[in-house]
Amino acid sequence: MNIFLIGFMGSGKSSVGKKLSKEMNYNFIDTDNFIEKQTNRKIEDFFDKGEEKIFRKKEKEFLQNFNSENTIISTGGGMACSAKNITLMKKKGVIVYLFITLKEAIKRTHFNRPLLKNRGNIDSLFKKRLHFYKNANIIISIDKKTVEDVSRRIKALLCYITPEGGC
Ligand code: S3P
């Protein structure tokens, strides 16, 4: 089984993914790190040079080529914001959405992300994205929860949707 963690910037996909992969003895991939290594470029560099489209293409290619098993994949906040990417993730695993409120996302990111340089963006970006994120198989609200709480919750909920959930 593969588990794709999706959600807005600051929702803790990487910390939860690392924790969960250790507990479940799964592999862990962070797609931002993967793309940075693959292209030898920083994510910021794509955005600074106005090449978000190329970055999104790399995200899609990652999903198209992904064929591992027993892996937790922490995705960049925009990866799930494409119907095609959602279909690919569902075909290859289970999607878990870490829901964070906008207020909490701002608190955690301090606008410190390439896409948030223009602060005025964040409201409409957040709203637009909810529409995609809600396609997940599992949705967990993470405000005020620790990484441990969230990973415990994910494991419990996986039991309901897959026999491989380890229950
Ligand atoms: C993005 C989120 C970032 C990174 C890139 C674009 C987005 O990852 O992929 O800056 O579109 O929401 P995090 O969600 O890990 O911050």
Side-chain angles (χ1 to χ4, degrees), residues 2-22 26-66 71-90 92-143 145-147 150-151 154:
N2 296 309
I3 303 168
F4 292 92
L5 299 178
I6 68 168
F8 205 71
M9 293 162 267
S11 58
K13 294 162 297 207
S14 300
S15 336
V16 169
K18 276 182 202 150
K19 173 95 185 143
L20 203 56
S21 64
K22 278 199 189 113
Y26 271 34
N27 304 310
F28 174 71
I29 299 179
D30 178 303
T31 60
D32 281 350
N33 290 345
F34 181 92
I35 292 170
E36 285 190 337
K37 277 197 195 128
Q38 184 196 41
T39 60
N40 204 19
R41 287 178 72 177
K42 289 273 165 212
I43 303 297
E44 289 89 334
D45 189 52
F46 288 97
F47 287 84
D48 288 348
K49 297 202 167 107
E51 294 177 348
E52 180 178 349
K53 260 197 179 158
I54 298 178
F55 173 66
R56 299 300 175 200
K57 194 162 166 251
K58 294 285 168 202
E59 288 189 313
K60 182 160 278 105
E61 278 168 12
F62 168 85
L63 288 175
Q64 284 164 337
N65 298 331
F66 181 76
T71 304
I72 315 274
I73 306 99
S74 156
T75 65
M79 190 184 253
C81 302
S82 135
K84 199 168 173 192
N85 288 358
I86 297 259
T87 306
L88 282 167
M89 285 191 259
K90 282 204 168 158
K92 301 187 182 200
V94 172
I95 306 181
V96 178
Y97 169 29
L98 306 186
F99 170 77
I100 187 172
T101 58
L102 180 56
K103 198 173 156 204
E104 186 69 19
I106 291 171
K107 213 165 110 189
R108 288 179 180 214
T109 60
H110 302 291
F111 296 97
N112 188 15
R113 292 291 193 284
L115 256 190
L116 301 180
K117 279 191 178 151
N118 170 11
R119 293 178 178 218
N121 261 348
I122 196 163
D123 257 37
S124 63
L125 190 68
F126 188 83
K127 280 193 199 118
K128 243 191 263 164
R129 288 185 165 190
L130 288 179
H131 166 72
F132 287 101
Y133 294 151
K134 68 178 190 206
N135 288 299
N137 303 100
I138 291 176
I139 300 177
I140 297 180
S141 171
I142 62 116
D143 283 12
K145 288 197 187 81
T146 63
V147 170
V150 177
S151 67
I154 293 175

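Note that the structure is predicted; figures quoted are calculated from it, not measured. Both counts, for ligands and for their atoms, begin at 1 and track the order of listing. This chain uses plain numbering: 1 for the first residue, then up along the sequence.
- The residues Asp48 and Lys117 are annotated as salt-bridged, a charged nitrogen and a carboxylate oxygen being separated by less than 4.0 angstrom.
- Taking the six-membered ring where the residue is Trp, the centroids of Phe126 and Phe8 are separated by under 6.0 Å.
- Residue Leu115 approaches ligand 1 through these ligand atoms, each under 4.0 Å from one of its heavy atoms: 7 (C), 11 (O), 12 (O).
- Here the closest heavy-atom approach between residue Glu36 and residue Glu44 is recorded as OE2-OE1, 4.3 Å.
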Result block: side-chain N/O donor-acceptor pairs under 3.5 angstrom for residues 28-35, not counting sequence neighbours:
| residue | atom | partner | partner atom | Å |
| --- | --- | --- | --- | --- |
| Asp30 | OD1 | Asp32 | N | 3.0 |
| Asp30 | OD1 | Asn33 | N | 3.1 |
| Asp30 | OD2 | Ser14 | OG | 2.8 |
| Thr31 | OG1 | Ser74 | O | 3.4 |
| Thr31 | OG1 | Gly76 | N | 3.1 |

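- Heavy atoms of Arg56 approach ligand 1 to within less than 4.0 angstrom.
- Among protein heavy atoms, the minimum distance from atom 1 (C) of ligand 1 is reached at Gly77 N, 3.9 Å.
- Using a 4.0 Å cutoff on heavy atoms, Phe8 does not count as a contact of ligand 1.
- Selection from Met79, Lys13, Arg113 by nearest heavy atom to atom 16 (O) of ligand 1 gives Arg113.
- Within a 6.0 Å sphere centred on CG of Asn65, heavy atoms belonging to other residues, nucleotides or ligands number more than 12.
- Proximity of Phe47 to ligand 1, defined as any heavy-atom pair under 4.0 Å, is confined to the side chain (atoms from C-beta onward).
- The shortest distance between side-chain heavy atoms of Ile122 and Leu102 falls below 4.5 Å.
- In terms of the salt bridge (Lys or Arg N to Asp or Glu O under 4.0 Å) criterion, Lys145 has no residue partners (sequence neighbours excluded).
- Ligand 1 lies less than 4.0 angstrom from a heavy atom belonging to Arg129.
- Between atom 8 (O) of ligand 1 and the options Ile43, Asp32, Thr31, Asp30, the minimum heavy-atom separation is to Asp32.
- Listed by number with element, the atoms of ligand 1 under 4.0 angstrom from any heavy atom of Pro114 are 10 (O).
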